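Shown next, in structure tokens, is the structure this report addresses.
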Amino acid sequence: MDNFIEQAIALATENVRRDGGPFAALVVKDGIVIAAGTNQVARGNDPTAHAEIVAIREACRVLGDFQLTGCDIYASCEPCPMCLGAIYWARPARVVFAATHDDAAAAGFDDAFIYRQIGTPPAARAIPMIHAPHTDAARPFREWTDKPDKTKY
């Protein structure tokens, strides 16, 4: 375990030296690193390109699956709310992280605002979320429910 955490920390440190963000993640299956990711947000102008997301995307490509069954994620830092959601959807066996969200906040990466927004009613959020009811809103879900050959996830 320590070796993979050390690798994630080293990768995050190297990413900072290449003008990237101070985050890295590894996806490990059966003791082998199958994917690695570093924060690519500024480099790729992609706000979703966090280290964990980059690593999950690559691991899923390598495995040919959208789930990380039997895999562990090793992250240089505790996952942010977006990455936490992606991790739960990917369903790895576990996540091991080094720095905490408090450590990240001290360096200017504070997610407390986002956590508070999740519990705020949609219309009252800093970016208002507006419910637009429509008579056909549930149609995609009905189609999905009725589809006999759907891929469950």
Side-chain angles (χ1 to χ4, degrees), residues 5 8-9 11-13 15-16 18-29 34-153:
I5 283 293
I9 292 168
L11 195 56
T13 303
N15 200 50
V16 170
R18 291 190 325 258
D19 294 325
F23 303 96
L26 307 173
V27 178
V28 177
K29 186 169 179 76
I34 62 166
T38 57
N39 181 284
Q40 303 290 319
V41 171
R43 189 174 294 124
N45 295 320
D46 181 353
T48 69
H50 288 201
E52 295 90 339
I53 303 289
V54 172
I56 288 168
R57 288 174 180 160
E58 177 61 14
C60 289
R61 187 192 66 73
V62 167
L63 294 172
D65 199 346
F66 56 85
Q67 293 185 343
L68 300 179
T69 305
C71 295
D72 295 327
I73 296 176
Y74 290 85
S76 62
C77 187
E78 185 176 356
C80 75
M82 177 182 67
C83 293
L84 188 61
I87 287 165
Y88 274 99
W89 283 115
R91 297 181 177 97
R94 66 183 179 161
V95 176
V96 180
F97 61 91
T100 68
H101 69 269
D102 291 328
D103 297 324
F109 298 91
D110 191 354
D111 297 324
F113 171 75
I114 297 171
Y115 284 109
R116 287 191 306 273
Q117 288 291 292
I118 291 168
T120 301
R125 293 179 181 158
I127 300 174
M129 308 286 164
I130 301 162
H131 180 214
H134 191 281
T135 56
D136 285 335
R139 184 176 55 195
F141 298 115
R142 284 192 304 273
E143 294 268 342
W144 172 259
T145 301
D146 294 342
K147 186 174 174 52
D149 60 341
K150 62 183 161 269
T151 301
K152 294 183 180 181
Y153 54 97

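Because only heavy atoms are used, hydrogens play no part in the values below, and waters and symmetry mates are left out as well, while side chains stay in. The structure displayed is predicted, hence computed values, not measured ones.
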Residues Arg18, Thr38; criterion side chain to side chain contact (heavy atoms under 4.5 Å, CB included); working and verdict:
CA-CA 11 Å; Arg18 291 190 325 258; Thr38 57; 4.1 Å; yes
How far apart are the closest heavy atoms of Ala51 and Gly37, and which atoms are they?
CB-O, 3.5 Å
Quick check: do Lys29 and Leu63 have side-chain heavy atoms less than 4.5 Å from each other?
yes
Side chain proximity check, Phe23 to His50, heavy atoms < 4.5 angstrom
no
List, one per line, each side-chain donor-acceptor pair under 3.5 Å for residues 109-122, sequence neighbours excluded.
{"unit_1": "Asp110", "atom_1": "OD1", "unit_2": "Ala112", "atom_2": "N", "d": "3.0"}
{"unit_1": "Gln117", "atom_1": "OE1", "unit_2": "Ala126", "atom_2": "N", "d": "2.7"}
{"unit_1": "Thr120", "atom_1": "OG1", "unit_2": "Arg116", "atom_2": "O", "d": "3.0"}

Asn15 side chain reached by Pro22 side chain, heavy atoms, under 4.5 Å
no
Heavy-atom closest pair, residues Leu68 and Ala59
CD2-CB, 3.7 Å
Suppose we screen for ring pair (Phe, Tyr, Trp, His ring centres under 6.0 Å). Which residues come up paired with Phe66, at least two apart in sequence or across chains?
Tyr153
Is any side-chain heavy atom of His134 closer than 4.5 Å to one of Asp136?
yes
In Å, rounded to the nearest 0.5 Å, how long is the span from SG of Cys71 to CG of Leu26?
12.0 Å
Roughly how far apart are Asn39 CG and Asp46 CG, rounded to 0.5 Å?
10.0 Å
Atom CD1 of Ile53 and atom CD1 of Ile56: how far apart are they, to the nearest 0.5 Å?
5.0 Å
List, one per line, each side-chain donor-acceptor pair under 3.5 Å for residues 72-86, sequence neighbours excluded.
{"unit_1": "Asp72", "atom_1": "OD1", "unit_2": "Arg94", "atom_2": "NE", "d": "3.3"}
{"unit_1": "Asp72", "atom_1": "OD2", "unit_2": "Arg94", "atom_2": "NE", "d": "3.2"}
{"unit_1": "Tyr74", "atom_1": "OH", "unit_2": "Arg94", "atom_2": "NH2", "d": "3.2"}
{"unit_1": "Ser76", "atom_1": "OG", "unit_2": "Ala24", "atom_2": "N", "d": "2.9"}
{"unit_1": "Ser76", "atom_1": "OG", "unit_2": "Ala24", "atom_2": "O", "d": "3.3"}
{"unit_1": "Glu78", "atom_1": "OE1", "unit_2": "His101", "atom_2": "N", "d": "2.9"}
{"unit_1": "Glu78", "atom_1": "OE1", "unit_2": "His101", "atom_2": "ND1", "d": "2.9"}
{"unit_1": "Glu78", "atom_1": "OE2", "unit_2": "His101", "atom_2": "ND1", "d": "3.3"}

If you count every heavy atom of other residues, nucleotides or ligands that lies below 6.0 Å from Asp146 atom CG, does the total exceed 12?
yes
Looking only at non-hydrogen atoms, find the nearest pair between Glu52 and Ile87 and report the distance.
CG-CD1, 4.4 Å
